[in-house]
Novice: 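Below is one structure. I have some questions about it.
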Protein chains: 2
Amino acid sequence: MSLVDTAERLIASTRELLWERGYGATSPKAIQERAQAGQGSMYHHFSGKPALALAAIRRSADELVAQVDEQLTSSGTALARIRAYLLREREVLRGCPIGRLAQDTEIAHNEDLRAPLAETFEWLRGRLAGLITQGQADGEFNAGLDPAAVAAALVSVLQGSYVQARAAGSTDPFDLAISGILALLSPPEGN
Amino acid sequence: MSLVDTAERLIASTRELLWERGYGATSPKAIQERAQAGQGSMYHHFSGKPALALAAIRRSADELVAQVDEQLTSSGTALARIRAYLLREREVLRGCPIGRLAQDTEIAHNEDLRAPLAETFEWLRGRLAGLITQGQADGEFNAGLDPAAVAAALVSVLQGSYVQARAAGSTDPFDLAISGILALLSPPEGN
DNA sequence: GTCTATAGAGAGATAGAC
DNA sequence: GTCTATCTCTCTATAGAC
């Protein structure tokens with residue numbers, strides 16, 4: 001008996017492969033090999049590739065939400081928390097484990113598989129909007145800004161910066177874009 | 001004899017399929033069917049799928065650069081041109097034909113296939129940075145901003161907004177994020 | 001230039017033994 | 001629960017006729 005059960009190893013294996021290769025390029029065989037499980041084992045625990053992928057995506061989404069929520073709940077001003085979140089350590093060239101899947105046609109066109117992505121981003125926009133509202137009350141941000149719109153822009157900068165970094169084969173565009181949005185968010189002096 | 005030659009039809013077909021499905025999910029067979037060309041025909045004009053994909057990606061990149069350059073060269077202030085570019089008509093749920101490919105592992109990990117993406121985004125950042133510099137000279141933007149950083153952030157917002165829209169299955173997050181970055185770029189009043 | 005035939009490999013799953 | 005055998009399809013390409 002392994003440290004974790006077979007179903008868990010299959011989910012972990014699938015999460016890694018979805019992040020690395022996407023849905024289409026993730027084969028049952030590769031999943032099994034990485035999980036050290038046989039075919040019969042996989043089809044005993046899951047009805048097939050879609051069901052296993054759904055379990056893996058949900059897990060990744062839940063973990064991301066928990067992790068980001070903890071980061072954004074830390075002490076400090078709203079602006080400081082947002083700064084820390086944008087500047088935190090990231091495996092930039094691997095991309096976002098959730099955002100990456102949105103480009104996958106098989107996922108984007110499947111209601112079940114897409115749902116966790118939609119929920120994750122919706123939660124993130126709401127969480128950031130709340131922080132921005134708080135920052136406006138504290139006089140950190142221009143009171144005329146729409147918190148929901150700024151929050152959406154912040155999420156976009158992160159996701160788009162991953163895209164630019166992967167296109168460039170370098171983290172430079174990522175870092176540049178983050179510094180750009182931070183400058184716009186809290187200008188050195190008035191505009 | 002067709003209106004356009006076979007090689008051109010193959011390239012056009014590949015461009016469409018790469019946009020819709022990505023590299024891995026685009027099969028020679030599907031390319032041939034959409035181009036109304038046989039297998040022998042395709043392998044006569046191109047050495048294989050990678051060569052055809054490269055020709056298709058280059059074409060898409062060149063076309064995007066030409067199109068955006070024309071848009072950004074229009075009359076009006078720097079800010080007005082950037083606004084018009086961000087707000088232009090887009091097929092949001094289809095995603096960006098170039099940015100979409102950056103998430104494709106087979107493309108991101110292949111120097112030849114990735115190069116056109118890198119060049120396109122580098123050009124776009126430079127083009128926007130030039131406009132921002134001009135806008136600073138005209139007093140439209142805070143002179144303390146780094147044009148290259150703000151340009152990278154603008155590109156990220158576009159790319160990331162495509163990602164959010166596809167995840168949501170709706171254009172709403174896209175529109176929200178664009179309005180957010182525009183508000184940060186030119187606040188209604190001082191910050 | 002374009003066609004059809006063929007081929008080795010892998011995808012994704014099912015069947016039935018253990 | 002896990003294993004091996006088997007199956008049908010598709011992928012990507014090559015070969016050689018026309």
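It should be emphasised that the depicted structure is a prediction, and the values quoted were computed from it without experimental measurement. Protein chains get the first letters and strands the later ones, always in sequence-line order, with residue 1 at the start of each.
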Novice: Could you work out which one of D:dT12, C:dA13, D:dT2 sits closest to the side chain of A:P28?
Specialist: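 Of the options given, the side chain of A:P28 lies nearest C:dA13.
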Novice: So which nucleotide from C:dG1, C:dA13, C:dT4 ends up closest to the side chain of B:H44?
Specialist: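 Among C:dG1, C:dA13, C:dT4, the one nearest the side chain of B:H44 is C:dG1.
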Novice: Let me know the distance between NE2 of A:H45 and C1' of D:dT2, rounded to the nearest Å.
Specialist: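 It works out to 8 Å between those atoms.
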Novice: Quick check: do A:L154 and A:L185 have side-chain heavy atoms less than 4.5 Å from each other?
Specialist: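 Yes - at least one pair of side-chain heavy atoms lies under 4.5 Å apart.
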Novice: Does this structure show an ion pair linking A:E106 with A:K49, if we count only N-O contacts that are shorter than 4.0 Å?
Specialist: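 Answer for the salt bridge query: no.
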Novice: Nearest heavy atom decides the nucleotide; on that basis, is A:A25 or A:S47 closer to the 5' end of DNA chain C?
Specialist: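 The residue closer to the strand's 5' end, by nearest nucleotide, is A:A25.
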Novice: Take the protein atom CD of B:Q32 and the nucleotide atom C1' of D:dT14, then report the distance between them rounded to whole Å.
Specialist: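 Answer to the nearest Å: 13 Å.
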Novice: Would you say A:Q71 has more than 12 foreign heavy atoms packed within less than 6.0 Å of its CD?
Specialist: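 Correct, the count exceeds 12.
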Novice: Using whole Å, report how far CD of A:E33 lies from P of C:dG10.
Specialist: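 One finds 10 Å between P of C:dG10 and CD of A:E33, rounded.
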Novice: Base, sugar-phosphate alone, or nothing: which one does B:G40 contact when heavy atoms must sit under 4.0 Å apart?
Specialist: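 The residue B:G40 makes base contact.
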Novice: Mapping B:T6 and A:Y23 to their closest nucleotides on DNA chain C, which lands nearer the 5' end?
Specialist: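 Checking each residue's closest nucleotide, the 5'-ward one belongs to B:T6.
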Novice: Which nucleotide in the list D:dC11, C:dA13, C:dC3 gets nearest to the side chain of B:S41?
Specialist: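 Per side-chain heavy atoms of B:S41, the pick is C:dC3.
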Novice: Side chain of B:K49, heavy atoms from C-beta onward: which of C:dA13, D:dT2, D:dA13 has the nearest atom to it?
Specialist: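 Comparing C:dA13, D:dT2, D:dA13 against the side chain of B:K49, the answer is D:dA13.
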Novice: A:Q39 side chain: which of C:dT14, C:dG12, C:dA5 is closest?
Specialist: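 When the side chain of A:Q39 is considered, C:dT14 is the closest of C:dT14, C:dG12, C:dA5.
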Novice: Has A:R127 got more than 12 heavy atoms of other residues, nucleotides or ligands less than 6.0 Å from its CZ?
Specialist: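 Yes, the 6.0 Å shell around CZ holds more than 12 heavy atoms from other groups.
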Novice: Classify A:T26 by what it touches in the nucleic acid, base, sugar-phosphate, or nothing, heavy-atom distance under 4.0 Å.
Specialist: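 Sugar-phosphate: the residue A:T26, judged by heavy atoms under 4.0 Å, touches backbone atoms but no base.
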Novice: Quick one: is D:dT10 close enough that its OP1 or OP2 comes under 4.0 Å of any side-chain N or O from B:S27?
Specialist: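 Result: no.
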Novice: Specify the separation, in whole Å, of atom CD1 of B:I31 and atom C1' of D:dT10.
Specialist: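 About 14 Å, once rounded to whole Å.
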Novice: Expressed in angstrom and rounded to an integer, what is the separation of A:Q36 atom CD from D:dC3 atom C1'?
Specialist: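 Rounded to whole Å, this separation is 16 Å.
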Novice: In whole Å, what is the span from the CD atom of A:E106 to the P atom of D:dT10?
Specialist: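 Checked: the CD to P distance equals 15 Å.
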Novice: Does NZ or CZ of B:R90 lie under 6.0 Å from the centre of the six-membered ring of B:Y85, at an angle within 45° of the ring axis?
Specialist: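 Flagged: B:R90 positioned over aromatic ring of B:Y85.
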Novice: To the nearest Å, how far apart are A:F46 CZ and C:dG12 P?
Specialist: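 Whole-Å distance recorded here is 16 Å.
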Novice: Grab the CE-C1' distance between B:M42 and D:dT14 for me, whole Å please.
Specialist: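 Taking atom C1' of D:dT14 as the reference, CE of B:M42 is at 12 Å.
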Novice: Between C:dT14, C:dA11, D:dT2, which one does the side chain of A:Y43 approach most closely?
Specialist: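 Selected nucleotide (nearest to the side chain): C:dT14.
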